[in-house]
Amino acid sequence: MNSKRQFLKYSLLGGLLTQAAAPLRAMSRRGAKANKPIVISTWNHGGPANEAAWEQLSRGGRALDAVEAGARVPEADPAVMTVGYGGFPDREGKVTLDACIMDEKQNCGSVAFLQDIRHPVSVARKVMEETPHVMLVGEGARRFALEQGFRPENLLTPKAEAAWRDWLQEARYQPVINIENHDTIGILALDSAGDLSGACTTSGAAFKMHGRVGDSPIIGAGLYVDNEVGAATATGMGELMIKTVGCHQVVELMRHGYSPEEACREAVERIARKLPDYRQFQVGFLALDKAGNYGSHCIQPGFNFAVRDQDGARMIDAGSKL
Ligand code: SD4
């Protein structure tokens with residue numbers, strides 16, 4: 001065999017072996033006993049959210065119910081100022097909310113640019129379960145929520161209004177890394193039956209343009225679940241996740257053998273390769289695989305996440321690119 005043919009033969013073989021190794025690694029992880037049930041969620045407010053989810057999971061409940069129960073905790077808490085009630089308004093002083101939910105059967109529901117309803121995650125679940133659609137926005141989503149029995153209320157708290165009036169003094173749209181943009185809750189759970197679900201809910205970027213929708217309600221960008229493989233969610237500047245369909249990418253990387261942490265890191269690296277201004281923003285990915293392994297990675301230091309499983313509750317700092 002001449003050396004060129006030999007070279008081709010070995011590179012081909014090497015390529016095949018590398019390709020084969022990734023699914024094998026994934027299979028060996030999946031072969032191990034799964035760490036379940038488990039719930040993980042973004043940021044410090046993920047702690048109380050996980051406790052609500054754990055109440056369901058520890059009783060053998062379904063991951064879908066657990067992630068909804070968890071997401072409702074910061075939605076109702078006025079101290080969490082970029083989720084639900086008490087969230088920062090947009091630049092016109094209106095609180096507009098985005099949320100989605102996804103189950104183990106690829107069902108999903110989503111609401112975006114929703115006003116006056118405290119629990120968008122539950123409206124998203126109703127969209128999933130009561131309509132033939134995936135996504136409702138704005139006034140249509142609001143009307144649907146009212147038809148479903150949700151109560152309209154003013155979500156703008158005096159504290160959030162005061163922050164907006166302060167912002168109006170200069171009215172510069174410059175999100176402050178890890179401060180204004182850090183409250184989306186993304187929550188992922190694996191239940192004792194081995195099924196995965198996820199939810200994501202936010203009031204979005206503080207003082208955004210009226211009508212702006214981020215990644216959080218967009219299936220594939222702010223949340224994705226594939227019950228064969230794993231689930232991923234994201235926080236930070238949503239435009240970057242939308243441009244790269246970040247969470248879908250994380251799940252697909254896990255399908256090809258990446259660990260949750262490696263998959264999150266690669267999704268951050270891809271943002272860095274494709275979007276030259278990425279250094280100005282925060283993006284954090286969080287992932288959970290079918291075996292209950294979890295991991296995370298972000299652009300800027302400062303992103304953390306909450307874990308709750310049989311070993312108890314803990315907070316973990318994510319690794320960062322910068
Ligand atoms: C958005 N990703 O609307 C959301 C904001 C966020 O933590 O995550 N804040 O872009």
Side-chain angles (χ1 to χ4, degrees), residues 40-46 49 70-71 73-75 77 79-84 86-91 94-101 110-115 120-121 124 135 137-138 141 155 160 163 173-188 198-224 232-250 264 267-268 271 275 277-278 280-287 296-306 318 320:
I40 61 176
S41 32
T42 53
W43 302 110
N44 287 333
H45 53 243
V73 174
E75 280 184 344
D77 183 352
V80 177
M81 294 187 75
T82 61
V83 183
F88 287 119
D90 65 14
R91 55 182 61 182
K94 308 244 166 46
V95 178
T96 76
L97 305 176
D98 296 340
C100 72
I101 191 160
S110 157
V111 288
F113 189 44
L114 173 65
Q115 295 183 51
V121 73
M135 190 166 196
V137 308
L155 302 177
Y173 184 60
Q174 185 90 58
V176 180
I177 291 165
N178 282 342
I179 298 181
E180 279 177 5
N181 259 327
H182 81 296
D183 285 293
T184 289
I185 182 151
I187 176 164
L188 309 172
C200 188
T201 177
T202 189
S203 55
F207 319 127
K208 61 196 175 186
M209 287 177 72
H210 187 62
R212 181 265 188 188
V213 169
D215 61 309
S216 306
I218 298 181
I219 300 297
L223 178 77
Y224 195 67
T233 190
T235 180
M237 195 64 187
E239 281 71 6
L240 283 71
M241 289 79 104
I242 296 173
K243 287 175 184 175
T244 57
V245 201
C247 287
H248 182 259
Q249 200 187 116
V250 170
C264 292
V268 167
I271 286 177
L275 308 175
D277 59 351
Y278 77 95
Q280 298 167 36
F281 303 108
Q282 174 64 302
V283 167
F285 289 108
L286 180 63
S296 181
H297 204 72
C298 57
I299 298 178
Q300 317 280 344
F303 170 49
N304 62 356
F305 62 99
S320 64

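Start at 1 and go down the list; that is how both ligands and their atoms are numbered.
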Write down the atom of [X], the atom of [Y], and the distance for their closest heavy-atom approach.
| X | Y | value |
| --- | --- | --- |
| A287 | I40 | O-CD1, 3.5 Å |
| C298 | G284 | CB-CA, 3.7 Å |
| P120 | V111 | O-CG2, 3.6 Å |

Ligand 1 to [X] polar contact by distance, N or O atoms, under 3.5 Å:
| X | answer |
| --- | --- |
| T82 | no |
| G204 | no |
| G214 | no |
| T235 | yes |
| T202 | no |

[X] heavy atoms, cut-off 4.0 Å: which ligand 1 atoms fall inside?
| X | answer |
| --- | --- |
| D215 | 1 (C), 2 (N), 4 (C), 10 (O) |
| S216 | 2 (N), 4 (C) |
| A205 | 3 (O) |

| message | If we ignore hydrogens and angles and just use 3.5 Å, is the side chain of K243 paired with the main-chain N or O of I271 as donor and acceptor? | response |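 Absent.
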| request: Determine yes or no for a side-chain-to-main-chain donor-acceptor pair under 3.5 angstrom, with T42 supplying the side chain and T184 the backbone. | output: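 Yes, T42 side chain to T184 backbone: donor-acceptor pair under 3.5 Å.
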| Can the ring centroids of H210 and F113 be said to lie less than 6.0 angstrom from one another? |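 Here the rings of F113 and H210 have centres that are less than 6.0 Å from each other.
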| task | For F285, check ring-ring contact (aromatic ring centres under 6.0 Å, His included) against everything at least two apart and list the hits. | result |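 Expected list: none.
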| task | Could you tell me if any non-hydrogen atom of R212 lies under 4.0 Å from any atom of ligand 1? | result |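 Yes.
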